[in-house]
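As structure tokens, the structure follows; a few thoughts come after it.
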Amino acid sequence: MASVIPAPVLHLEGDGSFDLTSTSTVGGEPAVAAYLSDVLGLELGNAHPAIELVIGVAPSPGGYTLDVSATGIRIEADTPAALFAGAQTLRQLLPPDQFVGVTTATVPATHIEDYPRFAYRGAMLDVARHFFTVEQVKRYIDDIALLKLNHLHLHLTDDQGWRLAIESWPGLTGIGASTQVNGGGGGFYTQQDYADLVTYAASRFITIVPEIDMPGHTNAAISAYPELGDGAVEPYEGIEVGFSSFAIRSEHTYEFIDDVVREVAALTPGPYLHLGGDESLATTDEDFRYFIGRATAIAAKHGKTLIGWHEMGRSDALPTGTIGQYWSFTTPQEGAAEHTLSFVRQGGRVIMSPADVAYLDIKYDTQSPLGLVWAEGPTSTRSSYGWDPAAIVPGLGEAQLLGVEAPLWTETIVTMEDVESMAFPRIASVAEIGWSAADRPRDWSEFAERLNGFGARLDAAGIRHTPVPPSDAP
Ligand code: TNX
């Protein structure tokens with residue numbers, strides 16, 4: 001059986017096969033046809049195409065059917081995004097050496113019916129601790145698209161840097177973007193760069209989720225505008241968390257938030273805007289709750305559904321429907337379950353990112369050259385596969401979950417090779433947990449077999465990944 005990740009809902013093998021060659025054509029729905037013809041190196045053509053992409057019926061909303069028979073390959077879905085998911089499955093049905101360009105490939109006859117478990121399947125990239133260029137982020141977009149992830153959360157601001165130009169507050173990307181962890185030039189996206197990323201992500205059916213973190217994690221903003229905090233501060237190049245806070249009782253702070261959110265919302269066609277709220281250790285509880293009430297009310301006015309890290313649930317004045325992002329462990333730490341359930345009480349749902357299994361910046365093993373260990377680390381690929389999002393917080397089941405997300409914080413991550421080797425293959429575990437059916441048995445050695453096949457395809461595409469150790473081999 002071919003090794004598809006995430007595992008499809010139904011995958012049957014038929015008799016016979018279909019031969020793709022370099023002269024085969026791709027036709028049908030134009031956006032996905034253009035993508036497939038590009039990545040497979042095949043011509044477009046609508047007269048009896050070898051690969052036909054059809055908008056029609058789906059086995060379930062957001063799903064697709066894929067058939068390979070002696071006469072050709074056909075994917076049918078209810079939306080272009082679902083056809084794109086089917087196109088990723090097709091790529092994985094080809095031999096590994098044909099993953100980035102078809103010369104000749106025998107594809108076994110197959111019938112697949114497939115649809116996602118959760119609507120939100122995300123990755124997060126921290127571009128604040130270390131800056132990543134537009135080209136690097138585009139590459140990561142291509143990488144995560146392989147796994148049917150459909151949201152990229154960009155952590156755009158933190159103590160070490162503010163990475164998105166805000167026209168009404170230009171100093172943010174002056175001194176505020178001048179450095180990063182351990183020094184170096186820092187960097188930022190112009191609004192044009194950001195718009196370019198949004199458009200590129202949309203071509204892979206990925207929604208960008210911008211995060212502007214507050215009231216903590218704000219040293220970079222305060223270095224540019226000292227009145228936003230408690231006076232002048234230097235740019236920060238360390239990796240401590242929890243020392244900065246906006247001035248909570250100053251109206252100026254809320255004028256700033258209004259301006260920033262207005263500009264970010266205008267640049268963001270997607271429905272979500274993430275306002276952070278994590279690790280505000282330099283803000284009293286009373287001030288934190290006052291701040292979250294005010295900041296979220298201002299932000300909601302700009303028409304976005306807000307997302308906050310689970311601590312934001314300490315406030316009971318959230319705009320209706322605000323989404324919580326859980327980042328405690330698979331055994332919730334003190335307060336985390338209660339804060340997370342608060343989002344549900346206020347009409348929202350939850351994205352699960354349990355740090356001890358879903359954080360991509362935690363070391364794989366004690367020998368890993370990169371990464372942190374604070375979240376019960378190391379986290380092996382095997383442990384990244386061994387959890388269920390609906391079995392962590394009592395009271396938070398399938399219906400209360402919007403989805404899952406794998407965050408990559410970049411205190412120790414500098415290059416694209418670093419990004420890929422930390423993400424892959426653990427991000428494949430999170431993608432499968434987010435996509436494949438909840439009642440599908442999760443068996444490590446069966447998954448590890450499929451990872452071998454996926455790893456061969458990553459090799460063909462030049463995407464770095466960390467090998468599964470022999471002790472966990474299938
Ligand atoms: C915790 S998780 C953070 C980040 C760090 C990360 C490192 C969360 C919401 N905040 O500020 O970068 O740990 O793993």
Got a sec, which pairs hit salt bridge (Lys or Arg N to Asp or Glu O under 4.0 Å) with one end in residues 151-175, sequence neighbours left out? R129-D158
For R345, salt bridge (Lys or Arg N to Asp or Glu O under 4.0 Å) partners two or more places apart: none
More than 12 heavy atoms of other residues, nucleotides or ligands under 6.0 Å from CG of D230: yes or no? no
Closest non-hydrogen atoms of R349 and F343, given as atom of the first, atom of the second and distance, are O-CB, 4.4 Å
So that I know where these two stand, are F188 and W162 an aromatic pair - ring centroids less than 6.0 Å apart? no
What pairs with E376 under side-chain hydrogen bond (donor to acceptor under 3.5 Å, both in side chains), at least two apart in sequence or on another chain? none
Residue pairs, two or more places apart or on separate chains, that pass salt bridge (Lys or Arg N to Asp or Glu O under 4.0 Å) and touch residues 280-292: R249-D287, D285-R289, D285-R314
Is there any ring-ring contact (aromatic ring centres under 6.0 Å, His included) pair reaching into residues 126-150, and which pairs are they, with sequence neighbours excluded? F131-Y189
ring-ring contact (aromatic ring centres under 6.0 Å, His included): pairs with one or both residues in residues 453-474, sequence neighbours excluded: none
So, S315 and Y290: side-chain donor and acceptor under 3.5 Å apart, yes or no? no
For K304, which residues count as a side-chain hydrogen bond (donor to acceptor under 3.5 Å, both in side chains) partner, sequence neighbours excluded? none
Could you pull out all residues at least two apart from D316 that satisfy side-chain hydrogen bond (donor to acceptor under 3.5 Å, both in side chains)? none
side-chain hydrogen bond (donor to acceptor under 3.5 Å, both in side chains) with Q88: which residues, sequence neighbours excluded? Y35
T330: side chain to side chain contact (heavy atoms under 4.5 Å, CB included) partners, not counting sequence neighbours: P354, D356, V357, W387, I392
Establish, from distance only, whether the side-chain atoms of S384 and T381 form a donor-acceptor pair under 3.5 Å. no
Flag yes if more than 12 heavy atoms outside Y115 fall under 6.0 Å of its OH atom; otherwise flag no. no
Of H217, H153, H339, the residue whose pairing with W309 passes ring pair (Phe, Tyr, Trp, His ring centres under 6.0 Å): H153
Going by atom types only, do E234 and S223 share a side-chain donor-acceptor pair under 3.5 Å? no
Can a salt bridge be assigned to the pair D258 and K301 using a cut-off of 4.0 Å between side-chain N and carboxylate O? yes
For E227, I'd like to know if atom CD has over 12 heavy atoms of other residues, nucleotides or ligands within 6.0 Å. yes
Any donor-acceptor N/O pair, T179 side chain to G185 backbone, under 3.5 Å: no
Beyond-backbone contact of T410 with V127, side-chain heavy atoms, under 4.5 angstrom: no
For R464, does the CZ atom have more than 12 heavy-atom neighbours from other residues, nucleotides or ligands under 6.0 Å away? no
Would D259 and W169 count as having a side-chain donor-acceptor pair, cut-off 3.5 Å? yes
Is it the case that over 12 heavy atoms from other parts of the model lie below 6.0 angstrom from the CD atom of Q333? yes
Pairing of R139 and D142 as salt bridge, 4.0 angstrom limit: no
Do the two ring centres, one from Y64 and one from F84, sit under 6.0 Å apart? no
Using only atom types and a distance under 3.5 Å, with no angle test, would you say the side chain of T190 pairs donor to acceptor with the backbone of D193? yes
Side chains of S445 and E449: do they bring a donor and an acceptor to under 3.5 Å? no
Output yes when R121 and E405 qualify as a salt bridge under the 4.0 Å nitrogen-oxygen rule, no when they do not. no
Among residues two or more places apart or on two chains, list those pairs meeting salt bridge (Lys or Arg N to Asp or Glu O under 4.0 Å) that have a residue in residues 395-404. R117-E398
Partners passing side chain to side chain contact (heavy atoms under 4.5 Å, CB included) against K363 (at least two apart in sequence or in another chain): S368, V373, P378
